[in-house]
Q: 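My questions will all concern the structure given below.
In what follows, residues are counted from 1 in the order of the sequence shown.
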Amino acid sequence: MAELDEQTNRLTLKLVYYGPALSGKTTNLGALHELSSPELKGEMMVLETQKDRTLFFDLFPLGFEAPSGLLIQLKLYTVPGQVQHDSTRKAVLSRADGVAFIADSQHNQSHTNLEAFENLAANAGRVGIDFERLPLVVQFNKRDLKNILSEQEIRERWEPSPWWPVVFASALQNQGVLETLELLLQRVYPELDEEFKLGSAHQLSREAFVAGLLGK
């Protein structure tokens, strides 16, 4: 969960990009890094694992300052998609404030998407996260490829629940990437506001919170 350092008056948020192998988690973060203003973004650090990689992205190391003086910092992570690295998935997911689930739009990846989503739900429980309250956005990536599920098919399968808004994206083309992060930040805000009184104690509205972290 978000960490408040009272000595530095800094609130640090953690968002995790979760999903099956090769769905585009790292591509999403790379696109965000490319789209972000130079003064806002930190370094991308990749930890190599066998046949996979997990990525830590310190997106806004300086963050922004709320009217009260509270500093808001955002850190983004991806999890490894390979099944054998499930222990790493759990470690990265631990204390997450929100999750972007990156699914593969291709027809032949439907079962893989479902397995990864079920794994997310299971691992959330294992690390003490209430899955039904977890701010979550589902992104269907690779919309630029052929042999993909239609938007209607995806909505029928994935949007019956109010907890899982769906974004369509092509991370390689920088499409839907910022929209995914913006929607996730909007969903994270109420939980943070409840715990840290962002609105009443720090004069920080949802709109200002999202705009500040996106550098708008």
Q: Is the side chain of Lys25 donor-acceptor paired with the backbone N or O of Pro20 at a distance under 3.5 Å, no angle test?
A: yes
Q: Does the side chain of Gln139 pick up a donor-acceptor pair with the side chain of Thr180 at under 3.5 Å?
A: yes
Q: State whether the side chain of Arg206 and the backbone N or O of Tyr189 hold a donor-acceptor pair below 3.5 Å, judged by distance alone.
A: no
Q: Taking all heavy atoms of Ala96 and all of Val16, pick out the closest pair and write down the distance.
A: CB-CG2, 3.7 Å
Q: Going through the checks in order, is the side chain to side chain contact (heavy atoms under 4.5 Å, CB included) test met by Leu149 and Trp158?
A: CA-CA 12 Å; Leu149 295 166; Trp158 287 82; over 6 Å; no
Q: Under 6.0 Å between ring centres, would you say that holds for Tyr17 and Tyr77?
A: no
Q: Does a side-chain N-to-carboxylate-O contact under 4.0 Å join Lys14 and Asp97?
A: no
Q: Does any part of the side chain of Asn9, heavy atoms only, come nearer than 4.5 Å to the side chain of Leu71, both counted from C-beta?
A: no
Q: Which heavy atom of Pro67 sits nearest a heavy atom of Gln203, and at what distance?
A: CG-O, 3.3 Å
Q: Out of curiosity, does Leu213 fall in the hydrophobic cluster containing Leu4 (side-chain heavy atoms, cut-off under 4.5 Å, transitive links)?
A: yes
Q: Answer yes if the ring centres of Phe101 and Trp164 are under 6.0 angstrom apart, and no otherwise.
A: no
Q: If every non-hydrogen atom of Leu198 is compared with every non-hydrogen atom of Leu192, which pair is closest and at what distance?
A: CD1-CB, 3.8 Å
Q: Is any side-chain heavy atom of Arg143 closer than 4.5 Å to one of Glu151?
A: yes
Q: Could you give all pairs that pass the side chain to side chain donor-acceptor pair (under 3.5 Å) test and reach residues 116-130, with sequence neighbours left out?
A: Tyr18-Asn119, Tyr18-Asn123, Asp86-Asn119, Asp86-Asn123, Arg89-Asn119, Asn119-Asn123, Asn123-Arg126
Q: Within the 4.5 Å heavy-atom criterion, are Ile154 and Phe168 side-chain neighbours or not?
A: yes
Q: So Ile102 and Ser23, side chain to side chain contact (heavy atoms under 4.5 Å, CB included) or not? Walk me through it.
A: CA-CA 6 Å; Ile102 310 302; Ser23 63; 3.8 Å; yes
Q: According to a hydrophobic-cluster definition based on side-chain heavy atoms being under 4.5 Å apart (Ile, Leu, Val, Met, Phe, Trp, Tyr only), do Val210 and Val167 belong together?
A: yes
Q: Output yes when a side-chain donor or acceptor of Asp104 lies under 3.5 Å from a complementary backbone atom of Gln109, and no otherwise.
A: no
Q: What pair of heavy atoms forms the shortest contact from Gly199 to Asp193, and how long is it?
A: N-OD1, 2.9 Å
Q: Within a strict 4.5 Å, meaning less than it, do heavy atoms of the Val137 and Val166 side chains meet?
A: no
Q: Heavy atoms, side chains only, cut-off 4.5 Å: are Leu181 and Leu15 in contact?
A: yes
Q: Report yes or no: do Leu114 and Leu120 belong to one cluster of Ile/Leu/Val/Met/Phe/Trp/Tyr joined by side chain heavy-atom distances under 4.5 Å?
A: no
Q: When rounded to the nearest 0.5 angstrom, what is the spacing between CD in Glu179 and CD in Gln175?
A: 9.0 Å
Q: Is a donor on one side and an acceptor on the other found under 3.5 Å between the side chain of Asn141 and the backbone of Ala171?
A: yes
Q: Quick one, Leu11 and Leu13 - any side-chain contact, counting heavy atoms below 4.5 Å?
A: yes
Q: Check His202 against Leu70 and note the closest heavy-atom contact, atom names and distance.
A: ND1-CB, 3.6 Å
Q: Could you tell me whether Glu3 and Lys75 have a side-chain N and a carboxylate O separated by less than 4.0 Å?
A: no
Q: Apply side chain to side chain contact (heavy atoms under 4.5 Å, CB included) to residues His107 and Glu153 and explain how you reach the verdict.
A: CA-CA 10 Å; His107 277 281; Glu153 288 175 305; 4.0 Å; yes
Q: Can you get from Leu178 to Leu74 by hopping between Ile, Leu, Val, Met, Phe, Trp and Tyr side chains that sit under 4.5 Å apart?
A: yes
Q: Please test Glu115 against Thr112 for side chain to side chain donor-acceptor pair (under 3.5 Å), starting from the C-alpha separation and ending with a verdict.
A: CA-CA 5 Å; Glu115 282 188 335; Thr112 305; 5.3 Å; no
Q: Group every Ile, Leu, Val, Met, Phe, Trp and Tyr by side-chain heavy-atom contacts under 4.5 Å, then state whether Phe64 and Phe196 land in the same group.
A: yes
Q: Between Thr12 and Asp5, is there a side-chain heavy-atom distance shorter than 4.5 Å?
A: no
Q: Does some side-chain heavy atom of Gln106 sit less than 4.5 Å from a side-chain heavy atom of Asn147?
A: no
Q: Which pair of heavy atoms, one from Asp144 and one from Ser170, lies closest together, and at what distance?
A: OD1-OG, 2.8 Å
Q: Before giving the answer on side chain to side chain contact (heavy atoms under 4.5 Å, CB included), spell out for Ser110 and Arg157 the whole-Å C-alpha distance, their side-chain angles and the decisive distance to 0.1 Å.
A: CA-CA 10 Å; Ser110 294; Arg157 297 181 189 184; 3.4 Å; yes
